Every structure is written in structure tokens, then in C-alpha cells.
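As a basis for the values below, the full set of heavy atoms in this structure was taken, side chains included, without hydrogen atoms, waters or symmetry mates. Note on naming: letters A, B, ... go to the chains in the order of the sequence lines (proteins, then strands), and numbering restarts at 1 for each one. Note that the structure is a prediction, hence the values are computed from the model and not measured.
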Amino acid sequence: MFEILEKRVLNPDVKLMVIDAPVVARKAEPGQFIILRVREGGERIPLTIADFDRNEGTVTIIFQEVGKTTRLLGTLDKGDFILDFVGPLGVASHFENVKSAAVIGGGLGTAIAYPQAKKLHSMGVNVDAITGFRNKDLIILEEEMKQASNRLFITTDDGSNGNKGFVTDVLKKLIEEGNKYDLVVAIGPLVMMKAVSNLTKPYGIKTIVSMNPVMIDGTGMCGGCRLTVGGETKFACVDGPDFDGHMVDFDEAIRRQAMYKKEERQSLELHECKLGGIGNA
Amino acid sequence: MPNMSLKKVEMPEQDPNVRNKNFKEVALGYTGEMAVEEAKRCLSCKHRPCVSGCPVNVKIPEFISLIAEGRFEEAYLKIKETNNLPAICGRVCPQETQCENLCVRGKKGEPVAIGRLERFAADWYMAHVSPETPDIQKKNRKVAVIGSGPAGLTCAADLAKMGYSVTIFEAFHTPGGVLMYGIPEFRLPKDLVQREIDYVRKLGVEIKTNMVVGKSITIDELKEDGYEAIFIGSGAGLPNFMGIPGENLNGVYSANEFLTRINLMKAYLYPEVDTPVKVGKNVAVVGGGNVAMDAARSAKRLGAENVYIVYRRSEAEMPARLEEVHHAKEEGIIFKMLTNPVRILGTDDGWVNGMECIEMELGEPDASGRRRPVPKKGSEHVIDVQTVIIAIGQSPNPLIKATTPGLETQKWGGIVVDEETGATSIPGVYAGGDAVTGAATVILAMGAGKKAAAAIDEYLTRK
């Protein structure tokens, strides 16, 4: 059992939790993920590690309430326990010979981009951070991102923060203005990571994306998380989750993400239905 | 007088057309009378050929004669002298190639039903006796066991009985390894596995779940934490794929994923539990081993109308147990032998809608001694399926190898060990089970765990 030491609501859909998990904290590195199970009968879901504190033995996760499991997780409070919490899994992000980087977070992806920006920034890399949200109420980690970058650009799809557009618009403008990047890190929805990768490819800028497909064990055992990278099948859990964005077959990844859409919706509906009925069944 | 019937006493089973719609155990087990009658078929041969066929040398004639005398509790304890998991072995051991294969009665007629009798003794004991925990003299020396499958559980139990403080590190949230995630409920009920695990805990073994050795902690760190010896029983947890087009389409599963969803995550109870599994109207399972049979029979139980076993050799070469093949056929699984998938076909939005296969014929024997299948030109054809399950074997998981400098492995990933002791290239580190052999049987893994436990005891006594 893993205790929730802190809970913060970042926006109506996105929550942050600090979990007491010394085993995971001891070895965690940016780019790695954990798998959790909220309660008996629950599914195992992967979440990227948003932050960790080795001294305190804590791991921070940030999640968006999109399905039954994340909804259920969101109902837990400080002092409550998560049944299972395992990690750190996957390969840590590896940065070498980087002088100037653009770190891009799309929506919840900002939570995962943040530790990457922080790490690069702490290595002395010049970091331009770009984050994008549907509207200004959904903006998360603004202060944190500011701290972890030299410049922060925040865009909203509807322009409600006074800066309308997509993250790709900002990146394109920065590149065209003559900013030189030797690395772009893009984390967010698959369509966004695909768009960023397509944008940087002609410029020849190395682009790292973080994949988050369906998985069960997270140790290479089930193969459910497989994707095609450079024509080869890779397992996101053990070969990733970071991959070269110019090599990833995003269209396949987008199709695979839809595999359990129907079941996910059904689970959520049944869950909501129970909540509306006789309490937290 | 021995019972000279040429046939085994039949074991009652659920009717095929009933059981292929539920996940309850297929075989129902002997009654006391049936067991006594079958036990009387044993001749108690002096040279005990059956015992040499058993990887853990169960005292077979001895336990069977106790059953014949109606002394069921003593029969169980006799098995337990060398076998930590009788209820499991009685169900999933390939007795037909081991003990029963060497039974003298098998020369004319059927061999004694050793497996069924072992199962009977174990089930009878579980139903009638609450096991006592043996009095153990503690040694105050720590041993780590990685993985809680058959190899790890056996090694841990043996070491605990010798007085060592044993901690098992398990990657999943539930202990049991392949007994929990791989073998289906209808062949090996999970509450029975749970009881065996509870017993191992009663011996004083601590089981730490959610610990991925190689990620959460490394072998070197375990040593630093004071574990004087380490046993690696991490299994063969890396699914092989065929490398044909279409394997990443929606609806293609590795058998590992398909069975883990069903067995460990209990997807057959969805939406009562949260993990779903998808099964189309027609399902193809590629492969001919026990895992393929388990996947096919599970798919049928989940409502698939037509389930095909697609295997590139002929039925004679199939590695699956005869009993499993027989059960699968009874349940309506369709066997497409000498058939090899060429590619998996999909819809525009990425869902499986067919599998192109080619017919094969058998040529000269290959390295495995089995006749090599060769494709028949122009025999390509498409079978109409919506789900494809790949059950062509697993390789050892590379996580431990990758984080343990000095641990020697074979090219294909298996850990190199001394066969007699299970000792690896690192002093104090032992290994056994599928992590060494590649996918094999529960009983071989148990045998390896047992050998390693004895070797670890010797190593630590000398140290």
C-alpha cells in the first residue's frame, strides 16, 4: 500500500499527487514511468514520473481524469492509499551534447515535459519551453516551467490567454526567427507529437517524443505496448518510453490507442452510474 | 491383489459443451473410492522406474500404496517430502512423458494414473486438514529469490525449511508467476495456487510484490542489502512475434498478453473488473504448445464462435500435452495443421479482418529432430478472423541481464548455469526455471529451484 502524502488540483481535470514510494524514488530518473493499480479488481495503468525526491522517498504523479481508473484515483485524498505502485520502469531520458533545446508540452504532457526541462536546464542547456492548452483555465505548471526554462511560451487553442495557436506555431516561429536548437523534446497527445516531429524533420533537429500506449506489466512481458519505430517493432515499456520522433509510426500508434475505446467508455459510464446511485461502490 | 484393469479409472470432467462456456475447472478429480481403486493398479515395483521419471523424485509407489490403504493424509505427506506443490503438479505436470511414461503397467494397457492420484491426495488434504507449520530452527542468514513462480516458490520454501530468512521479489502485484498469469483457471484454479503461496508464507518467507529486479533494485544492491545468496527464477517473460506484416494491428495479441489479461487481471469478469480483453467472432491462435491450447480454449470460453489452432507442422509434432489437445478438440477448437501465417490483414482503421496462410508439407528433420515444414507453392489462402493470438514461445526477460554485470547468458538470453547446482557465473547467484531453459514446464522449474536450494545451502554452509 502506498500513501498519498499530498494532493493538488491543477485544473478541473488534472490532479497532482505525491506518493510515498521510497523504492521507486531511490532509482527514478526523468523519462521513466510507474504502473499503478488503485484497488483490487482495478486495471494497471502507466503514468510517467513527474517528479521525485530521493531524500523524502516520494514520487510525484500528475494525471488527467479521462477514464474510470484516473477518475477513481482522483477521488482519493491525502492520507488515502494506492494498492500497487511499481517502478521506475522504462529507460531514463538520455541527453548528450545539447546546448540549446526546445521542450514542448501539450496539455497533460506538460507534466511529463517538466522533469525533462528541469533536467536539461540543470545541465546548463538553454531551454525554450512551449506549452499548449485548450484554454487558459487548463494551464498547468506555469511557475514550475518558468523555473525550468530560459523562456516560456504558453499558447491556447482558443486564444483565451491572449496567445492563440498551437505549440507547433510557436516552435515554427522560433526556428524561423533564427533560434538554433539541437534538441526538441515533445510530449503530449500523439497528434501533437506527430505534428512537432513533422515540423522539425525538414530542419534536421533531433526530436524526442514520449510514448504512452496501453500496457499491462511494464516489463516487456505482454507486448501490448508495441509500436513501430524505424520499421522495427519496439516495446514502449522496455525500449522506451522515449523514442526518436522522426522514426515513430504515429499513425499506427494512433490506431492502436483506440483498441479499447469502447470498453474504456463502458467502464467509465458504469462507474459514473454507480457513483450517481448508491455511493462509492 | 492388484487391480489388473488395463485402463485408468476415469476422472469425472465437466461436459465439453458446458465447460467451454465457463472458466471453472475442467477435471473434477477422483472420489476416495476411485482413488483407492486406481491406486490398487500400482504393482509397487522394487526398481521404481516412475520415480526416476520425476524431476523432483516424488516417492511414487510409497504414496500410492498409502492411498490404496485409505491412508490419504500420510499419502499427501509422503509426496510433500520432495514436492512442495503437489496440488499444482497433479494438474499441470506432463506425466505422460515423465513418471507415467516409465510405469510398468503402461507396457500393456494404460499406466497407473499417477498424476490423478497425486492431485487426489493434495485435494483431499486441503479439504480435510489444516497444515501445520513445521518447527524451523532459524539461521539468521538472508537469501533473496527473484520471481514467485514455480522455481522461486520451490527454492524459497526449501530454503525456509532449512532455516534461512528468505525474501521473494515479485514484479507483479500478485505472487505466483506463470501459475497466476499464464495457466488458466479452468486448468489450475487460482485459489489453489493461493493456498500454496500462503503455505510458503507460513514457512516464514516474505514476499515483496511490485519489485522489478533490474529496475526497482539490482542484484548488486540486493547483495549490499545483506542477501548472502540470490536465486533468479524470473521466468521467460518476453513474447516472441513472427515478424510478419500486420502483427501490430488491433486484435493481435501475444499469448502472454491475452492470458495475463484473462488470468491475472480476470478480464473474463469484465466489466466487474476493469481490465477488458477483446475476442472476435473468429479467432486464430498461432502455435502448437500448451500455451496455444490455453489461449484457444480461453477464447472459446469468452464467446468466440470459431477458434483455430494454426500450426505449421502436423499434429504429431505438436509440443502440447496430448490431454490438452484432446480437451481442446472436445471443446470444439478447430485444428488447422501444416498451415503457416504469411501476413495478417486489416481494415483501413487498423483492425484485424483476416489472416493469410500458406499450406506446408514436411521435409527432412531439422535441428530439433522434427521434420522441417516447407511451404507449398500457390497454396496461399485467407482465413476469416478478427483476433489473432501469437503463441510461438517466449524468451527470458532481459531486465536482469541488462543490469547485472558479469552475469553470463546464452545468445538467446537464457542464463548460463551449472546444471547440477544452478550456479551462475557470479558466485552466490543461482538461477533456474524458464530464465535458464526458455519456456518449459512447471515441474522442471520446480526441480531447478529445488537443486538450487540445496546448492545454496551448501554454498552458505561452506562460506
Side-chain angles (χ1 to χ4, degrees), chain A residues 2 21 23-24 26-27 32 34-45 67-69 72 83-91 214-228 232-233 235 238 249 251-260 262-264 266-267 269-271, chain B residues 170-174 181-182 208-218 221 234-241 243 247-261 264-267 269-278 346-351 390 394-395 397-399 402:
Chain A
F2 299 81
V23 168
V24 183
R26 181 159 85 141
K27 310 212 72 167
Q32 290 188 292
I34 58 96
I35 283 187
L36 64 78
R37 201 168 66 120
V38 178
R39 60 171 187 189
E40 212 49 69
E43 58 180 343
R44 293 169 64 98
I45 60 159
K68 177 179 174 182
T69 302
L72 199 63
L83 185 57
D84 297 294
F85 194 88
V86 57
L89 301 167
V91 182
V214 170
M215 51 178 84
I216 302 179
D217 59 295
T219 65
M221 202 203 81
C222 79
C225 65
R226 62 195 185 277
L227 31 103
T228 303
E232 270 180 64
T233 292
F235 290 0
V238 287
D249 183 340
D251 295 335
E252 179 186 271
I254 289 166
R255 287 196 296 266
R256 286 184 67 78
Q257 203 182 35
M259 179 138 171
Y260 295 101
K262 202 178 97 200
E263 287 76 8
E264 284 159 8
Q266 187 187 357
S267 274
E269 276 163 15
L270 280 169
H271 176 64
Chain B
E170 165 58 44
F172 266 127
H173 55 264
T174 302
Y181 75 72
K208 289 193 179 183
T209 53
N210 295 317
M211 291 293 278
V212 182
V213 175
K215 285 288 172 190
S216 311
I217 195 163
T218 63
E221 286 163 343
S234 49
L238 194 73
N240 298 340
F241 286 91
E247 272 185 308
N248 291 352
L249 287 165
N250 290 354
V252 181
Y253 284 107
S254 74
N256 269 359
E257 180 182 2
F258 187 70
L259 290 172
T260 300
R261 282 179 180 271
L264 180 75
M265 307 310 291
K266 308 238 176 290
L269 300 175
Y270 176 88
E272 226 174 280
V273 302
D274 297 340
T275 306
V277 67
K278 281 212 183 266
T347 59
D348 289 341
D349 53 354
W351 291 84
I390 314 286
Q394 297 102 255
S395 310
N397 195 298
L399 282 183

| said: Could you go through A:D217 and B:T260, starting from their C-alpha distance and side-chain angles, then the distance that decides it, and tell me whether this counts as side chain to side chain donor-acceptor pair (under 3.5 Å)? | reply: CA-CA 9 Å; A:D217 59 295; B:T260 300; over 6 Å; no

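Enclosure of atom CG in B:D348 is not indicated, since only 12 or fewer non-hydrogen atoms of other residues, nucleotides or ligands lie within 6.0 angstrom.
Separating the CG atom in B:D274 from the CG atom in A:L72 is a distance of 7.5 Å, to the nearest 0.5 Å. Note that the CD1 atom of A:I45 and the OG1 atom of B:T275 stand 11.0 Å from one another [nearest 0.5 Å]. Annotation: the span from A:R44 atom CZ to B:F172 atom CZ amounts to 5.0 Å, rounded to 0.5 Å.
B:M265 has its side chain within reach of A:I216: a pair of non-hydrogen atoms, C-beta onward, lies under 4.5 Å apart. With contacts defined as side-chain heavy-atom distances shorter than 4.5 Å, the pair A:T219/B:K215 does not qualify. Two residues are said to be in side-chain contact when any heavy atoms from C-beta on lie closer than 4.5 Å; A:R26 and B:I217 meet this criterion. When side chains are defined from C-beta on, A:F2 counts as touching B:N210, because their heavy atoms get closer than 4.5 Å. Between B:W351 and A:M259, some side-chain heavy-atom pair lies under the 4.5 Å cut-off. Put simply, the side chain of B:H173 does not reach to within 4.5 Å of the side chain of A:L83, judged on heavy atoms. A:R256 has its side chain within reach of B:N250: a pair of non-hydrogen atoms, C-beta onward, lies under 4.5 Å apart.
Of the atoms belonging to A:E40, not a single heavy atom falls under 4.5 Å from chain B. Residue contact with chain B, scored on non-hydrogen atoms closer than 4.5 Å, involves the backbone of A:L227 exclusively. Residue contact with chain B, scored on non-hydrogen atoms closer than 4.5 Å, involves the side chain of A:R37 exclusively. Within the 4.5 angstrom heavy-atom criterion, only side-chain atoms of B:L399, from C-beta onward, approach chain A. When heavy atoms are compared at a cutoff of 4.5 Å, A:E252 approaches chain B solely by way of its side chain, counted from C-beta outward. When heavy atoms are compared at a cutoff of 4.5 Å, A:V24 does not approach chain B at all. Contact of A:V214 with chain B is made through the side chain alone, with heavy-atom distances under 4.5 Å.
Across all their heavy atoms, A:P88 and B:S216 have their closest contact at CD-CA, 4.2 Å. The shortest non-hydrogen separation linking A:G220 to B:P239 is O-CD, 3.2 Å. Looking at every heavy atom in both residues, A:R226 comes nearest to B:N248 through NE-OD1, 3.0 Å. Closest of all the heavy-atom pairs between B:Y270 and A:Q266 is OH-OE1, 3.4 Å.
Ion pairing between a basic and an acidic side chain is recognised when a charged N comes within 4.0 Å of a carboxylate O; A:K27 and B:E221 show such pairing.
Ranking B:L264, B:V252, B:T209 against chain A, the residue ahead of the rest is B:V252, based on heavy-atom pairs under 4.5 Å. No other option in B:G237, B:G243, B:A236 has as many heavy-atom pairs under 4.5 Å with chain A as B:G237. For the set A:G90, A:A258, A:G67, A:G218, the count of heavy-atom pairs under 4.5 angstrom toward chain B peaks at A:G90.
Ring geometry, B:F241 versus A:F235: the interplanar angle exceeds 60°, so the pair is classed perpendicular (tilted spans 30 to 60°).
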